[in-house]
There are 2 protein chains.
Amino acid sequence: MRVGELSKRSGVPVPTIKYYLREGLLPAGVLTSPNQAHYDESHLRRLRLVRALVDVGELSISAVRDALAAIDSSEQTMHKKLGMVQEAITTVPNTPIDERSVQEVKDFLARHGRHEDVDAEHWEISRMLTAVLSAARSLGHDRFHEQLEPYMAALEMIAKADLDYMLGRAKSVDDLVESMVVGTILGDAALIALRRMAHAVESERRAKEEDQV
Amino acid sequence: MRVGELSKRSGVPVPTIKYYLREGLLPAGVLTSPNQAHYDESHLRRLRLVRALVDVGELSISAVRDALAAIDSSEQTMHKKLGMVQEAITTVPNTPIDERSVQEVKDFLARHGRHEDVDAEHWEISRMLTAVLSAARSLGHDRFHEQLEPYMAALEMIAKADLDYMLGRAKSVDDLVESMVVGTILGDAALIALRRMAHAVESERRAKEEDQV
DNA sequence: CGATAGTAGAGAGTGCCGCTATCCACTTTG
DNA sequence: CAAAGTGGATAGCGGCACTCTCTACTATCG
């Protein structure tokens with residue numbers, strides 16, 4: 001197909017597709033003459049992935065580029081792949097850090113199977129967590145870190161479901177990494193939405209309970 | 001204190017503070033003369049809240065304004081307050097919707113205590129969920145909605161912990177709404193970080209297991 | 001007392017980001 | 001054949017979150 005059809009099928013305007021091509025988010029089509037190129041289903045698929053990362057994941061164009069690089073790279077172990085995906089996908093809030101939060105994160109990591117190897121300073125995820133706890137403390141929420149325990153208990157269940165899903169879907173190696181990206185990004189959004197729902201349901205439940213008393 | 005000290009104590013540049021004042025994110029100080037104003041601890045607190053919402057929550061300035069309006073409003077029931085907070089805080093991805101996803105969300109809501117009153121079309125949260133499922137389907141993940149069940153099971157636990165936290169902290173009514181905002185925004189970020197951690201831990205665990213076999 | 005630094009308020013300017021618009025020399029399609 | 005569409009490249013645009021600049025003051029230090 002040509003760019004017009006790609007545009008129609010994806011809902012993305014032609015100039016935007018050209019922009020993504022320039023930015024390297026989308027591989028060029030096969031040229032049949034100096035000003036004609038053919039695109040196939042893989043382009044459509046990739047284009048939809050880009051849109052999902054931008055619209056749902058709210059990734060910047062350069063973060064999308066990193067995520068796609070992770071997908072396209074030929075890393076061996078699942079573990080390393082997941083690391084690359086996470087690196088590309090997560091952004092650490094740029095906020096002042098306080099020392100007590102750093103310690104809290106270290107303690108937390110020690111309690112949850114990350115004692116040895118990992119240097120917390122250089123692991124993006126742990127820096128993100130530290131930033132959150134620091135922000136909480138600066139707002140007077142200095143016991144916020146206690147919430148992490150119930151969170152982690154629940155998230156272990158979720159992580160199992162996630163990995164089952166990712167591994168279950170993957171028919172090829174490329175598929176696996178793509179599932180990681182999609183599962184992580186869409187999962188984040190789904191989690192946030194469901195948490196809001198659960199809040200609404202629970203607050204309603206408590207309101208009714210109080211009525212009856 | 002004057003604006004310079006407010007800046008020093010919060011880490012926010014003076015011009016930015018002035019910008020927030022203009023945008024109505026921060027109430028004006030008390031004027032002691034035509035070009036001198038005094039700010040107090042409440043301004044500092046509010047300023048830090050704004051930064052947390054911007055830096056950690058990645059809210060836009062206008063979303064922050066809405067969130068603060070929710071905090072400052074004098075709504076009665078906790079339930080309605082929570083609704084306002086959620087409305088202000090959540091942004092629905094702007095992405096094409098397909099009908100099957102709409103139906104899946106409806107079914108899901110019916111299964112989880114939202115059968116009666118709520119019209120799903122107008123509840124932001126359910127529109128967000130629909131957007132996520134639609135994006136998933138467009139990427140070929142048409143069974144993604146099955147993940148929602150294990151997610152919701154875990155989130156019910158989390159929601160209980162969240163409400164306990166919010167209600168437990170609040171010493172006044174204003175406090176409660178602020179706790180909702182902070183708990184929701186920081187909780188989102190913490191949840192995302194911990195989910196990444198849990199993924200890493202679980203994928204490591206599975207890799208080791210496989211080694212032993 | 002004067003020199004220096006800080007201030008409120010308001011408008012204009014900046015830098016970045018994610019697109020759009022325009023143009024050219026072509027093909028393809030009806 | 002004319003009209004519509006295309007690849008490629010460069011320039012432009014609109015929004016956003018600041019940041020700068022300016023004026024007419026006020027506070028403070030030596």
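Each chain gets a letter, A, B and so on, in the order the sequences are listed, and its residues count up from 1.
Rounding to whole angstrom units, CD1 of residue A:I17 and P of D:dG5 are separated by 14 Å. Whole-Å rounding puts the A:N94 CG to D:dA17 C1' distance at 14 Å. The distance from atom CD of B:Q36 to atom C1' of D:dC25 is 8 Å, rounded to the nearest whole Å. Nucleotide C:dA12 holds its C1' atom 14 Å from the OH atom of B:Y19, rounded to whole Å. With rounding to whole Å, B:E5 atom CD is found 14 Å from C:dT7 atom C1'. Distance, A:R2 CZ to C:dT27 C1': 8 Å, rounded to whole Å. To the nearest angstrom, C1' of D:dT6 lies 12 Å from NE2 of A:H38. The interatomic distance linking A:R51 (CZ) with C:dG18 (P) rounds to 11 Å, in whole Å.
Proximity note for B:P34 (side chain, C-beta onward) versus C:dT20, D:dA17, D:dT26: the nearest is D:dT26. Side chain of A:N35, nearest nucleotide from C:dT7, D:dT6, C:dC19: D:dT6.
A donor atom on one side chain and an acceptor atom on the other are not found under 3.5 Å apart for A:R46 and A:Y20.
Not a single donor-acceptor contact under 3.5 angstrom links the side-chain atoms of A:R22 to the base of D:dG7. Residue B:K18 places a side-chain atom within donor-acceptor reach of the base of C:dA8, judged by atom type and a 3.5 Å distance cut-off alone.
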Worked verdict on A:D66 versus A:M84 for side-chain contact (heavy atoms from CB on, under 4.5 Å):
CA-CA 9 Å; A:D66 292 349; A:M84 287 189 65; over 6 Å; no
Go through the steps to decide whether B:E149 and B:H112 satisfy the test side-chain contact (heavy atoms from CB on, under 4.5 Å), and finish with yes or no.
CA-CA 10 Å; B:E149 292 300 336; B:H112 290 92; 3.2 Å; yes
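Closest-nucleotide positions on DNA chain D for B:T32 and B:I61 were compared, and the one nearer the 5' end corresponds to B:I61.
A salt bridge does not link A:R100 with A:D142: none of the charged nitrogens is closer than 4.0 Å to a carboxylate oxygen. No salt bridge links A:D40 with A:R45; every basic N to acidic carboxylate O contact stays at or beyond 4.0 Å.
The side chain of A:Y20 places an N or O atom within less than 4.0 Å of a non-bridging phosphate oxygen (OP1 or OP2) of C:dC19. The phosphate of C:dT20 (OP1 or OP2) has a side-chain N or O of A:T16 nearer than 4.0 angstrom. At least one side-chain nitrogen or oxygen of B:Y39 sits closer than 4.0 Å to the OP1 or OP2 atom of C:dA8.
Within 4.0 Å (heavy atoms only), B:L31 reaches sugar-phosphate atoms of the nucleic acid but no base atom. Contact annotation for B:S60: backbone-only contact, meaning every heavy-atom pair under 4.0 Å involves sugar-phosphate atoms and none involves a base.
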